[in-house]
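Only one structure is covered here, and it is reproduced in the block below.
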Amino acid sequence: MNELEIDAIWVKRLFWLGVGLTVGIFLLNFALVGFGVYGDGIGYYTPLRSLVFDGDLKITNEYEFLSRSASNFGGGVRVSGPIPEYSKYTIGLGLILSPFFALGHLTALLLRGIGIQVATNGLSWPYELFYCLGSITLGIAGLVLCYRAARRFFSRTASLVAVAGVWFASPLTFYLCLEVSMSHAVSQFLISAFLYLCVVTPWQKSRRLQVLLGLLLGFAALVRPQDILFASVPLGIIAYEIGTQLLNNRSNSLNNLTNKNTAIAILLQLVPSAIIVLVVCLLLLPQLLIYSWQYGSFSNIPYLQEGANEGYRASFQWNNPQIINVLFSGFRGLFIWHPILFLSILGLLRFCYRLPRLAGPLLLGFVLQVYLVAAWWCWWQGASFGGRMFSSCSLIFVLGLAALWDCFSSRKWQLTAIIITVFLMGWNVLLVLQYESGMIPPEDPITIANLVKNQLLVIPYFLKHIFER
């Protein structure tokens, strides 16, 4: 075998090692806790169960069942507080994971057929297990697309190290291994697929690809509405090309700026983005109608009312975004909790010099996500492991890291990149232990000093926490 074949084999081995670690951690947690759907994940899961078994979207009976019953494994109660009539979350995650939910139902039927007593009511462990495994499967598929996108521009080593960093040193780690019933892994897959097509395919010349982009972005927005901001990427690519064309025309002849043919050509370049936007709007229409039916009007959606209920003027403070806190505070600051992502943005800036047509719109997509989160009243993102709402930016982060690590051409510098990545993976693992053991309160503020101090004490604290259970 030549060197390239050997490298390809190692890539596959490391990939399957990552898959094994991810699935293994999830299954261990599932066995210890006794269930896989909890937290915000219940709000995404219960509408699917209600639609399949009850034929409606009312989730009162599902919440009542979960609030009074322990899991089949002997775990504790998962629901506390007021029981809602409808879920405030969108229906997209349930739709995407419904095939895996169906596999759970088939498994429950088979188990009953061989004499094992398992409820076939959509609320027993086989449903949750396959639902969560579906989330993991799609999340890992998204990382594969991240790797393939990076390989179009960067070396195998740089791309592999970049994916490993995002896989195990970013907020995605927690939502791919532990709280997988939340929307982040699936959102990451859909947006990674969307951005992959934007970056590596001639989508502007293919109506089929434009419709596919609209479907991916539409479903992503049905899973997490904030993902609609990634429409800025294809729009940015088109805007860059139009701007370049206008500058070239101006340099060639000032008369071309007023030429009717040039104006028509520019308008035609906007058609692909219009098709994408149209498909997205058509996909989002059912969710808007559901919200209007459930809450009387779109403005009454809980997400738009929560800020006022918590004492803020509105749910979004567009004129006072907490950008510095979102990025640099100890209280879930993206670059403090996940320093590897700061390196990624540095690499993305370098990528902008190399290929501004693609890197510029990708950077814009990230900036818009930062602004939206920073404008939200709950800019720390609630009970969150780090900057969870940025998990959908994974392909952007991978390209940025790959661009940075690709600067290191020699074996010595490649080893340095690997060492830095492994160290930051360890930092992330210690943060997971802090979060899971309660050293970091789910929603209370924590300073950078306490965060770093806890890193030195977390392992013995976590072990004590485990033995005291």
Nearest heavy atoms of [X] and [Y], plus distance in Å:
{"X": "Phe26", "Y": "Leu133", "result": "CE2-CD2, 3.8 Å"}
{"X": "Val432", "Y": "Leu178", "result": "CG1-CD1, 3.8 Å"}
{"X": "Trp405", "Y": "Ala162", "result": "CD1-N, 4.1 Å"}
{"X": "Ile237", "Y": "Cys198", "result": "CD1-O, 3.9 Å"}
{"X": "Leu197", "Y": "Leu216", "result": "CD1-CD1, 3.6 Å"}
{"X": "Gly387", "Y": "Pro171", "result": "O-CG, 3.3 Å"}

- Query: Checking side-chain hydrogen bond (donor to acceptor under 3.5 Å, both in side chains) for the pair Gln269/Gln204: CA distance, chi angles, key distance, verdict?
  - Reply: CA-CA 8 Å; Gln269 290 183 62; Gln204 291 158 278; 5.4 Å; no

Kindly indicate whether the side chain of [X], heavy atoms from C-beta on, has any atom under 4.5 Å from the side chain of [Y].
{"X": "Trp167", "Y": "Leu172", "result": "no"}
{"X": "Cys146", "Y": "Val166", "result": "no"}
{"X": "Asn428", "Y": "Phe168", "result": "no"}
{"X": "Leu213", "Y": "Pro234", "result": "no"}
{"X": "Val233", "Y": "Leu364", "result": "no"}
{"X": "Leu97", "Y": "Leu138", "result": "yes"}
{"X": "Leu368", "Y": "Phe230", "result": "no"}
{"X": "Phe351", "Y": "Leu348", "result": "yes"}

For [X], enumerate each residue passing the ring pair (Phe, Tyr, Trp, His ring centres under 6.0 Å) test, keeping only those at least two apart in sequence or located in another chain.
{"X": "Tyr38", "value": "Phe35"}
{"X": "Phe331", "value": "Trp379, Trp380"}
{"X": "Tyr461", "value": "none"}
{"X": "Tyr89", "value": "Tyr44"}

Between [X] and [Y] (side chain of the first, backbone of the second, donor and acceptor by atom type, cut-off under 3.5 Å), is there such a pair?
{"X": "Gln210", "Y": "Ile275", "value": "no"}
{"X": "Arg350", "Y": "Cys407", "value": "no"}
{"X": "Ser159", "Y": "Tyr147", "value": "no"}
{"X": "Tyr435", "Y": "Gly386", "value": "no"}
{"X": "Arg332", "Y": "Gln381", "value": "no"}
{"X": "Ser135", "Y": "Ala185", "value": "no"}
{"X": "Thr90", "Y": "Leu222", "value": "yes"}
{"X": "Ser50", "Y": "Asp56", "value": "yes"}

Which residues satisfy the side-chain contact (heavy atoms from CB on, under 4.5 Å) test with [X], sequence neighbours excluded?
{"X": "Ser98", "value": "Leu48"}
{"X": "Val277", "value": "Cys281"}
{"X": "Asn300", "value": "Tyr295, Ser297, Gln305"}
{"X": "Tyr127", "value": "Tyr45, Phe53, Phe101, His105, Ala108, Thr120, Ser124"}

Between [atom1] on residue [X] and [atom2] on residue [Y], distance to nearest 0.5 Å:
{"X": "Trp376", "Y": "Glu306", "atom1": "CH2", "atom2": "CD", "result": "6.5 Å"}
{"X": "Gln188", "Y": "Leu143", "atom1": "CD", "atom2": "CG", "result": "4.5 Å"}
{"X": "Ile42", "Y": "Ser181", "atom1": "CD1", "atom2": "OG", "result": "7.5 Å"}
{"X": "Leu424", "Y": "Ser170", "atom1": "CG", "atom2": "OG", "result": "11.5 Å"}
{"X": "Phe189", "Y": "Ile96", "atom1": "CZ", "atom2": "CD1", "result": "8.0 Å"}
{"X": "Ser192", "Y": "Leu145", "atom1": "OG", "atom2": "CG", "result": "6.5 Å"}

Without hydrogens or angle criteria, can the side chains of [X] and [Y] be said to hold a donor-acceptor pair below 3.5 Å?
{"X": "Gln455", "Y": "Gln434", "result": "yes"}
{"X": "Gln317", "Y": "Asn320", "result": "no"}
{"X": "Ser183", "Y": "Arg224", "result": "yes"}

Does atom [atom1] of [X] have more than 12 heavy-atom neighbours from other groups under 6.0 Å away?
{"X": "Ile459", "atom1": "CD1", "value": "no"}
{"X": "Phe423", "atom1": "CZ", "value": "no"}
{"X": "Arg152", "atom1": "CZ", "value": "no"}

- Note on the structure: Taken in chain and number order and not counting sequence neighbours, the residues that satisfy salt bridge (Lys or Arg N to Asp or Glu O under 4.0 Å) with Arg49 are Asp54, Glu62

- Query: By salt bridge (Lys or Arg N to Asp or Glu O under 4.0 Å), which residues pair with Glu179, not counting sequence neighbours?
  - Reply: none

Distance-only donor-acceptor hits, side chain of residues 390-402, under 3.5 Å, sequence neighbours excluded:
{"unit_1": "Ser391", "atom_1": "OG", "unit_2": "Arg388", "atom_2": "O", "d": "2.9"}
{"unit_1": "Ser392", "atom_1": "OG", "unit_2": "Asp227", "atom_2": "OD1", "d": "3.3"}
{"unit_1": "Ser394", "atom_1": "OG", "unit_2": "Ser391", "atom_2": "O", "d": "2.6"}

- Task: Decide yes or no on side chain to side chain contact (heavy atoms under 4.5 Å, CB included) for Ile136 and Val19, but give the supporting numbers first.
- Result: CA-CA 9 Å; Ile136 293 172; Val19 172; over 6 Å; no

- Message: Could you go through Val200 and Arg148, starting from their C-alpha distance and side-chain angles, then the distance that decides it, and tell me whether this counts as side chain to side chain contact (heavy atoms under 4.5 Å, CB included)?
- Response: CA-CA 9 Å; Val200 306; Arg148 290 183 176 179; over 6 Å; no

Kindly list each side-chain donor-acceptor pair under 3.5 angstrom involving residues 286-293, sequence neighbours excluded, with atom names and distances?
{"unit_1": "Gln287", "atom_1": "OE1", "unit_2": "Ile91", "atom_2": "N", "d": "2.9"}
{"unit_1": "Tyr291", "atom_1": "OH", "unit_2": "Lys88", "atom_2": "O", "d": "2.6"}

- Message: Run Leu334 and Val373 through side chain to side chain contact (heavy atoms under 4.5 Å, CB included) and show every step you take.
- Response: CA-CA 11 Å; Leu334 184 67; Val373 174; over 6 Å; no

- Query: Does the side chain to side chain contact (heavy atoms under 4.5 Å, CB included) test come out yes or no for Ile276 and Val211, once each step is laid out?
  - Reply: CA-CA 6 Å; Ile276 294 172; Val211 171; over 6 Å; no

